[in-house]
Amino acid sequence: MIFVNNTQQTQDGQARPRRRIGCLSGCLIFFAVYFICSAILGWIMGDALSSSSVTLQDQTVYRLQMKGTLVEQAQEENPFAGLIGQMPYVGSRANQETVGLDNILSNIRLAKNDDKILGIWLDGAELSMAPASAKAIRDALVDFRKSGKWVLASAKSYGQTNYYVASAADRIVLDPTGEVNWNGLSAQKMYFTRALEKIGVEMQILKVGTFKSAVEPYFRTSMSDADRQQTMEFLGGIWDEYKTAVGASRGLSAAQLDALADRYMGLQPAKDQVEAGLVDSLVYTQDVDSLLRVFTGTKDYHLITTGKLAQVKRPESKAKDKVAVLYLEGEITDEEGDGIVGTEVIKTFKKIRKDEAIKALVLRVNSPGGSANASEQIWRAVQKIKADSIPVVVSMGDYAASGGYYISCGADYIFAEPTTLTGSIGIFGTIPNVAKLRDKIGVDVDGIGTNKHSDLEGNIIYKGMNKEEQALMQTMIERGYDLFTSRCAEGRHVEQDYIKSIGEGRVWLGAKGKEIGIVDELGNIDDAIAKAVELAGLETYRLTYYPEVADPYQELLKLFDNTTDEEKMILKVKEFCSKPRVMAKMDELIIK
C-alpha cells in the first residue's frame, strides 16, 4: 500500500502545456505512419479471410516447440520479435514470445484423435513455465500416448521443469554437447533492509499473518522461520511430484533420482546422462530429422507448429446452451495494469450475465494476488452470477494465492493442480518513510491542515507514522483480513476461526489445500468444465471464452482518438506495428 499524491507542479509553478504536433516534422511523421499503417491494415484484412483456418495434411507431426513463456490464454505468435526489439519506441514486451497453455492442451487433444497426425515432437526445452502448468502438459502427453501414437523429445539441454514434461515421451534424446540440469529445487530471496537503511528509507510494515512473507525483504535480512518452513514444504511437494512422475516414466526410484540430483547432473558429461537413464541417446539437434523419419516411417512427413495447428478447424457444437470460461491471469489491480484489472473483469461479468445462453461459468485463475479492493469487487461479481442460478467452478493454475484465492473462494467448486500454490490468506501494506532520506539530501516539508489527520497520507511518508497513526493503519489492515477470512469461511462453509487457523498468510500446495478444505478436488481445467456441466445439468453445450481477443483493426482506428501529443502518438503506432500479424505484413511488404 503506497499513497501517492497526484498533484504535480512545474518548477515555475505554471501548468505544463501538452506537447502538440505543431511542427512540419510532426505532421510528416503523422501522415507517414498513418499511410504505412493503412497499407498494412489492408494487407492484414485481405489476408485474414484467406488464412483463418489451416487444413491438415496426411503424415503430419505436431512440432511442439518448447520455447518462450507459457501463458494461460493464447496470444498471437510473433516470428519477428527480434526485429521488433530493434525498433525505436518499442518496449521489451515485443521480444517476449508467449505460448498459450489453452492452445497446447487443445492441440494435443486434436492430435490424439486425428489420424492425420502421427505423433508429437517436443522440440527443445526452453519453455518458461511453472510446475502446475507443466503437469497439465505432461498429463496431456501421457493421455495422448494412450492412443498408441508416439512422443519424441529432443533438446540441446534440459532444465528440470522442461525435463519433467519431456519424461512423458517415448524417447528422450540429448545433444552430445548438452546436459540435463537435474539438481533439485531451491528458492532464494533478496533482502533490501540494509540497502534501504543506507539511503535513509524505512519501510513501515502493516500486516496480518505470521506466514505472510512478501514484505519480509523490507524489514529482515534473512528468511523467517515461518517462511523457511512453508517454502521448504511446497518445494518438497513439487520435488516429490517431479521424482514420482519421472521415476515412473524412466524406471528410476526416488532414491536414485535424489542421488543423481546430488551429483548435479547438469555439470556431468552428456554420456553420463545416458548411463544414468535420464535420456535414451545422444543425437545432434541438426540430426533429429533422421529420427523423425524412423518414427514416421517416411521422409515425406509434414510438420505443424502450435500456432498453425490451433487454426485447424474443429467440430463446432450447435448446442444452444453455453459454458463460459473466463481466464483471470496476473496481478490483481483496480483500474489499470496488464493482469486482472478489476474494472474490466466486472464489465466481463456483466456481459456473461446478459447472455441468457450461458448456463455455467468456469474461472481459470492464475494469480499471486494484488489489490484487496479489486479482489472484493470480483468476489461480489461471482456472487451475483451465482444468484442468477449459474454455477461457478474454479480451475486453479500455477497460482491462486492471496487475492487469487479471494476471487476463488466464493465459487461452488474449486479444482487445483497438486502443485498449484494457493492459500496465502492474509493481508499486508507497505508505506515508505523517507524522513532520513530527506534529511540527507536537505529537503524540508512543512504545511498546515484543518484537522488532526488532514495530511495523514503525506505525513506518514515524509515524516513516518507515530503510534496513533500506526494503530489506525493496522486497524484498517485487520478489518481487511477479517473480511477476507469471512469471505473464505462463507464460501467454504466452515467457521471463520478455522480459516484464520489455516490462514495467517500461509502458502499451501494444491494437494495440501484439498486436505485442509480450501480446495475441493485435484484436477485440470477439463475437469472443472465437466463439473460445471454437471452442476448446470447440461446434456449438450458449447464453450465460449473470455476475455475476448482484441480486434487489431479496431485498435488501429483508436490510435488517433484524442491523441495530439507527438511522442504518445508515435508510441501508440509503434505498439500497434509491433503486433505479430502487422510485423509479418510489414516484412512481406518490404520483400515485395
What's the shortest heavy-atom distance between Ala140 and Ile108, and which atoms?
O-CG2, 3.5 Å

Got a second to check how far Asp527's CG is from Asn524's CG, nearest 0.5 Å?
4.0 Å

Nearest heavy-atom approach of Lys359 to Asp321 is CE-OD1, 3.3 Å

Any side-chain heavy atom of Glu179 sitting closer than 4.5 Å to one from Gln273?
yes

Sorted by chain and residue number, the ring-ring contact (aromatic ring centres under 6.0 Å, His included) partners of Tyr62 (sequence neighbours excluded) come out as none

Taking 4.0 angstrom as the limit, do Arg492 and Asp520 come out as a salt bridge?
yes

From the options Asp526, Asp143, Asp139, select the one residue that forms a salt bridge (charged side-chain N to carboxylate O under 4.0 Å, His left out) with Arg109.
Asp526

Any donor and acceptor pair, going by atom type alone, linking the side chain of Asp355 with main-chain N or O of Ile352 inside 3.5 Å?
no

pair Glu417-Pro131: side-chain heavy atoms closer than 4.5 Å
no

Rounded distance (nearest 0.5 Å) linking atom CD1 of Ile137 with atom CG of Leu101
5.5 Å

Any chance CD of Gln383 has more than 12 other-residue heavy atoms, nucleotides or ligands included, within less than 6.0 Å?
yes

Heavy atoms from other residues, nucleotides or ligands near CZ of Phe295 exceed 12 (cutoff 6.0 Å):
yes

Electrostatic pair Arg250-Asp280, nearest N-O below 4.0 angstrom
yes

Got a donor-acceptor contact below 3.5 angstrom from the Glu72 side chain to the Tyr327 backbone?
no

Atom pair OG (Ser395) and CG (Asn366), whose distance is rounded to the nearest 0.5 Å
9.5 Å

For the NZ atom on Lys67, are there more than 12 heavy atoms of other groups (residues, nucleotides or ligands in this structure) within a distance under 6.0 Å?
no

Find the distance between SG (Cys409) and CD1 (Ile518) and round it off to the nearest 0.5 Å.
10.5 Å

Between Val394 and Ile407, does a side-chain contact (heavy atoms from CB on, under 4.5 Å) hold up when you go through it step by step?
CA-CA 9 Å; Val394 164; Ile407 64 178; over 6 Å; no

Do other residues, nucleotides or ligands put more than 12 heavy atoms under 6.0 Å from the NZ atom of Lys514?
no

Smallest heavy-atom separation, Tyr163 atom then Leu278 atom, equals OH-O, 2.6 Å

To the nearest 0.5 Å, what is the distance between CG (Leu292) and NZ (Lys299)?
15.5 Å

Looking at side-chain heavy atoms only, is the closest gap between Asn107 and Leu64 below 4.5 Å?
no

Would one find more than 12 heavy atoms of other residues, nucleotides or ligands at under 6.0 Å from atom OH of Tyr399?
no

Lys/Arg N to Asp/Glu carboxylate O, Arg364 vs Asp102, below 4.0 Å
no

Side chains of Lys135 and Pro418: does their closest heavy-atom pair fall under 4.5 Å?
yes

Side-chain heavy atoms of Phe415 within contact of Ile529, under 4.5 Å
no

Does CD belonging to Glu275 count more than 12 external heavy atoms closer than 6.0 Å?
yes

Taking Lys531 first and then Glu521, would you say they form a salt bridge - that is, a charged N and a carboxylate O separated by under 4.0 Å?
no

Checking the side chain of Ser367 only, and the main-chain atoms of Gly330 only, is there a donor and an acceptor separated by less than 3.5 Å?
yes

Taking only Lys NZ, Arg NE, NH1 and NH2, and the carboxylate oxygens of Asp or Glu, determine whether Arg506 and Glu233 approach each other closer than 4.0 Å.
yes

Closest approach of Ala532 to Val362 (non-hydrogen atoms, all atoms of both residues):
CB-CG2, 3.7 Å

With no hydrogens and no angle check, is any side-chain donor or acceptor of Ser317 less than 3.5 Å from a backbone partner on Ala319?
yes

Hey, what do you get for OG (Ser249) to CZ (Arg145), rounding to the nearest 0.5 Å?
7.0 Å

Determine the minimum heavy-atom distance between Leu538 and Tyr541, stating which atoms define it.
CD1-CB, 3.9 Å

Closest heavy-atom pair and its distance - Ala528, Val393:
O-CG1, 3.7 Å

Short question: side chain of Gln59, backbone of Thr298 - any donor-acceptor pair under 3.5 Å?
no

Heavy-atom side-chain contact between Asn162 and Glu126 under 4.5 Å:
no

Taking side chain as C-beta onward, heavy atoms only, is Val288 less than 4.5 Å from Trp121?
yes

Checking ring-ring contact (aromatic ring centres under 6.0 Å, His included) against Trp182, which of Tyr164, Tyr158, Trp239 comes through?
Trp239

